[in-house]
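First the proteins, then the strands, lettered A, B, ... as listed; each starts at 1.
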2 protein chains.
Amino acid sequence: MPHKYGSAMELRHLRYFRAIGREEHFGRAALALRVAQPALTRQIRDLEAELGVELFERLPRGVRLSSAGRAFLEEVEDILKQVDRAVDRARGMGSGHLGTIRVGLSEIIAAYDYISYGLFHFRENEPSVVLDLRSMGSLHQVAAIKEGTLDVGLVYDAHIDDRDRDVLERAPIGTGETLLAVHQSHAFAQRDSVTMAEIAGESVLGPARATAPGYYDRMMAACIRTGNAPHFTQECTTHSILFSLVAVGMGVGIVTTAGTRAPNPNIRLIPISDLDLQFHVMLVWRARDRSVALRRFVDMMMQQAQTR
Amino acid sequence: MPHKYGSAMELRHLRYFRAIGREEHFGRAALALRVAQPALTRQIRDLEAELGVELFERLPRGVRLSSAGRAFLEEVEDILKQVDRAVDRARGMGSGHLGTIRVGLSEIIAAYDYISYGLFHFRENEPSVVLDLRSMGSLHQVAAIKEGTLDVGLVYDAHIDDRDRDVLERAPIGTGETLLAVHQSHAFAQRDSVTMAEIAGESVLGPARATAPGYYDRMMAACIRTGNAPHFTQECTTHSILFSLVAVGMGVGIVTTAGTRAPNPNIRLIPISDLDLQFHVMLVWRARDRSVALRRFVDMMMQQAQTR
DNA sequence: GCCGATCCATACTTGTGGGGCATCGAATGC
DNA sequence: GCATTCGATGCCCCACAAGTATGGATCGGC
């Protein structure tokens with residue numbers, strides 16, 4: 001062992017010092033600490049040597065805190081309290097009733113009612129667990145989860161690479177329908193459904209392949225199966241951009257969302273009858289993450305999704 | 001050694017954890033801490049067992065802080081900072097340039113100019129040493145010093161019991177003259193001096209034997225030596241009470257103070273020519289008190305007194 | 001003034017456990 | 001496949017914390 005220069009000071013010294021300082025009596029402190037008195041004498045001697053200060057005045061009979069000792073005692077009380085607090089909090093996190101969960105939310109998924117209800121429900125049941133909600137794109141979420149800067153994501157299954165199978169755990173909590181978004185003044189607006197063939201003649205807005213390749217490719221493959229793959233006149237990186245463009249009449253848009261309730265009164269969402277395409281809304285988290293709070297969160301979200 | 005239930009957690013665990021948590025790498029942390037890597041593995045294992053929480057996610061290659069670990073790291077950083085701070089402060093007190101000195105001041109002695117100057121001078125030279133000035137009677141000061149609730153007192157020598165010789169250190173920093181306090185309208189007011197014989201016919205105010213027996217007895221002994229011991233019509237427990245009574249014409253008062261400058265424009269202080277009585281203003285402190293700041297304070301007050 | 005009690009310090013011994021070294025096992029990159 | 005990275009494990013050693021016994025100084029009771 002290469003000899004040590006640094007502080008050999010340990011919590012033991014502080015715990016002993018606190019006990020003796022409070023009592024101003026080695027014997028009683030030793031009793032309280034359940035150690036023999038000479039142990040205290042030695043540890044205090046070492047502590048004083050380390051600090052270069054006498055912490056006690058040695059009286060002919062007994063000891064008394066020196067002025068340095070009095071000041072040091074105050075600090076030690078704080079330190080030991082803080083240590084206890086840190087231990088308690090760590091244990092609390094072990095129990096899963098304390099901590100922070102960093103949740104990734106893409107805007108389109110945050111719009112699902114049962115997601116909101118689930119988050120609300122969890123907050124009510126675990127008020128001491130902080131939900132750190134972060135709005136971020138699906139691919140970014142997956143990367144952040146793998147990297148450890150995010151704990152759980154809410155994304156479409158299409159965004160999850162199968163090669164991450166063993167590092168990322170996942171669970172489905174719902175499905176997303178793929179619909180056509182049209183402006184209320186559009187000819188399709190009053191229709192109950194449309195076909196891909198009909199869409200082919202329109203100016204079509206779709207997702208951006210660069211920001212969501214898995215999603216894009218699965219959608220395109222399904223379109224091709226109908227025999228009427230659209231040509232996107234504009235790729236949109238987010239659903240809100242796409243909706244904005246539809247709202248100003250730039251064209252019709254293919255979007256995946258929950259139900260047929262549109263986010264804008266000027267927009268109608270129409271089922272596409274011949275498109276065989278379903279996405280799953282997935283919870284994603286690191287398989288190695290042992291956080292009990294996270295497990296509880298996942299369980300509660302899944303349960304909430306089922307009973308919706 | 002009776003087996004221990006309590007926390008075996010030590011600062012070593014926290015220091016190791018902090019290093020590894022910062023690096024998220026056992027090897028580099030071991031290098032920084034100048035210990036071998038297996039030592040860290042074991043200490044972290046013990047720490048996790050103690051807390052009941054996994055602080056790191058073990059990856060196939062390397063580690064990463066778990067969410068509990070992240071939270072714990074923040075607390076540990078605080079704790080270790082606070083420990084360093086406490087050590088620095090303790091060392092500072094060892095150097096004598098930091099700390100608190102509890103100074104007892106009786107009102108009459110606080111009125112001495114060179115005392116005020118001395119306190120001011122010390123504060124200027126040691127701005128990081130807090131002077132905790134406490135107004136209290138002489139006997140109370142001596143008791144508090146012996147008891148350890150006061151660090152240094154400023155009292156007349158008459159208040160110090162010789163039997164405390166080996167427990168209380170003392171040093172003279174000036175003398176106090178014993179004078180007659182008279183109202184400006186009194187017949188003595190324009191005199192340069194009076195005799196005890198003249199005083200004998202007056203209504204005389206003096207100190208209270210109960211609150212200052214040493215002072216009272218020395219004064220009375222000197223009075224008796226003059227052959228004209230006064231009879232006190234009123235004993236006063238403090239000088240301010242005595243001055244108040246003199247100011248309203250209740251009588252003349254025998255007081256010990258510095259110079260002939262009275263605290264009240266209606267009062268004159270007249271020397272008593274035949275009274276052979278001198279008191280010393282003393283600094284008193286515990287002989288066992290090793291505080292460097294206190295020594296510095298005592299030295300500075302003595303020096304200030306000499307050069308006044 | 002002697003005896004016992006109190007209280008911290010010291011001397012000596014014991015055993016726990018922290019650390020070093022060597023090695024393993026798993027994953028990764030060329 | 002082979003070398004490398006990285007944490008975990010096994011084994012040994014010795015440093016040091018704690019225990020027992022005792023010393024030295026003071027104080028109180030009779």
Could you tell me the separation between the [atom1] atom of [X] and the [atom2] atom of [N], rounded to a whole number of Å?
{"X": "A:L59", "N": "C:dA9", "atom1": "CG", "atom2": "C1'", "result": "14 Å"}
{"X": "A:I20", "N": "C:dC7", "atom1": "CD1", "atom2": "C1'", "result": "13 Å"}
{"X": "B:Y16", "N": "D:dG7", "atom1": "OH", "atom2": "P", "result": "16 Å"}
{"X": "A:L55", "N": "C:dA9", "atom1": "CG", "atom2": "P", "result": "12 Å"}
{"X": "A:E24", "N": "C:dC8", "atom1": "CD", "atom2": "P", "result": "11 Å"}
{"X": "B:R34", "N": "C:dC21", "atom1": "CZ", "atom2": "P", "result": "13 Å"}
{"X": "A:Q37", "N": "D:dG23", "atom1": "CD", "atom2": "C1'", "result": "12 Å"}
{"X": "A:D46", "N": "D:dA18", "atom1": "CG", "atom2": "C1'", "result": "13 Å"}

>> Quick test of your reading of the model: are A:R89 and B:E75 salt-bridged, counting only N-O distances below 4.0 Å?
In response: yes
> Are there more than 12 heavy atoms of other residues, nucleotides or ligands under 6.0 Å from atom CZ of B:R45?
Replying inline: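 No, the 6.0 Å shell around CZ holds no more than 12 heavy atoms from other groups.
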>> Other residues, nucleotides and ligands only: do more than 12 of their heavy atoms fall within 6.0 Å of NE2 on B:H140?
In response: no
> Starting at the 5' end of DNA chain C and moving along, which residue's nearest nucleotide shows up first, A:R61 or A:R58?
Replying inline: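 In this pair, the answer is A:R61.
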OP1 or OP2 of [N] sitting under 4.0 Å from any side-chain N/O of [X]?
{"X": "A:T41", "N": "C:dA9", "answer": "yes"}
{"X": "A:R12", "N": "D:dA17", "answer": "yes"}
{"X": "B:Q43", "N": "C:dG18", "answer": "yes"}

>> Heavy atoms only, 4.0 Å cut-off, all strands: where does A:A36 land among base, sugar-phosphate and nothing?
In response: base
Closest to the [X] side chain, choosing from [options]:
{"X": "A:P38", "options": "C:dA9, C:dG19, D:dG7", "value": "C:dA9"}
{"X": "A:P60", "options": "D:dC27, D:dG7, C:dC8", "value": "D:dC27"}
{"X": "A:V35", "options": "C:dC8, D:dG19, C:dT28", "value": "D:dG19"}

>> So for A:R42 and D:dA17, does any side-chain atom that can act as donor or acceptor lie under 3.5 Å from a complementary atom in the base?
In response: no
> Taking all non-hydrogen atoms of both residues, which atom of A:S66 and which atom of A:E54 are closest, and how far apart?
Replying inline: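 Heavy-atom minimum between the residues: OG-O, 2.7 Å.
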> Closer to the 5' end of DNA chain D via nearest nucleotide, is it B:R45 or B:G62?
Replying inline: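 By nearest-heavy-atom nucleotide position, the 5'-most residue is B:G62.
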>> Ring centroids only, cut at 6.0 angstrom: are A:F17 and A:F56 within range, meaning strictly under it?
In response: yes
